[in-house]
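Structure, as structure tokens:
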Amino acid sequence: AQTVTQSQPEMSVQEAETVTLSCTYDTSESDYYLFWYKQPPSRQMILVIRQEAYKQQNATENRFSVNFQKAAKSFSLKISDSQLGDAAMYFCAYRRRSGNTPLVFGKGTRLSVIA
Amino acid sequence: DAGVIQSPRHEVTEMGQEVTLRCKPISGHNSLFWYRQTMMRGLELLIYFNNNVPIDDSGMPEDRFSAKMPNASFSTLKIQPSEPRDSAVYFCASSLRLTVAGYEQYFGPGTRLTVT
């Protein structure tokens, strides 16, 4: 079974600084997707960024980028120029590529942004 | 598009009562997922459907939980009888299967269930 591990229950960052959230996963599959979701206090799940495992290039979305290390099964999220609105729970998630299968989530990292 | 719609947004009930949570997926989506979020267990899959057919219900905690998808635009998750340990946020998500863009799941706002 696939598992996703987020080893940092809580992180904090100064406004305008950069922070990196860690995620590791375990799978025997070779083709899959990885995601970072943001959950603000409103509890809405918001997709931040996604990575296809077959792509070597790391995904970027504005201030958000990932460091995808397939051999190490590592998928970290870097947030640059942190803003107060970035404060939220962040979940790393995995999904097999074949079919339309469910997401497997990590336990989450609570990010605080200090003004 | 209105997105995934869930109702009610909040539900408070007494132990032993029947609870029904509802979900309307995004029009045209043919996969639907029910997740539960608790502090202890995080986000976990309860059940999912493809083309209205249940594919995997191994996450349903016990027989007190049941889910149906009578048509492509509606699904229910029922708990009978409810217990305090069922208190959680229940999310519904939908996606479009077998397309290039079909890897993204769109989440509803969730239903916060409190069983006293």
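Below, chain A is the first sequence line, B the second, and so on; all start at residue 1.
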Donor-acceptor pair, A/Q51 side chain versus A/K55 backbone, under 3.5 Å? yes
Between the side chains of A/Y32 and A/R95, is a donor N or O closer than 3.5 angstrom to an acceptor N or O? no
Side chain, backbone, both or neither of B/L43 within contact of chain A (heavy atoms, under 4.5 Å): both
If the threshold is 4.0 Å, N to carboxylate O, is there a salt bridge linking B/E44 and B/R36? yes
For B/R41, is it the side chain, the backbone, both, or neither that has a heavy atom closer than 4.5 Å to a heavy atom of chain A? backbone
Measure distances from A/Q6 to the heavy atoms of chain B and classify the residue's part below 4.5 Å as side chain, backbone, both or neither. neither
Taking side chain as everything from C-beta outward and backbone as N, CA, C, O, which of these in B/M39 sits under 4.5 Å from a heavy atom of chain A? Side chain, backbone, both or neither. neither
Closer than 4.0 angstrom, basic N to acidic O: yes or no for B/E104 and A/R50? yes
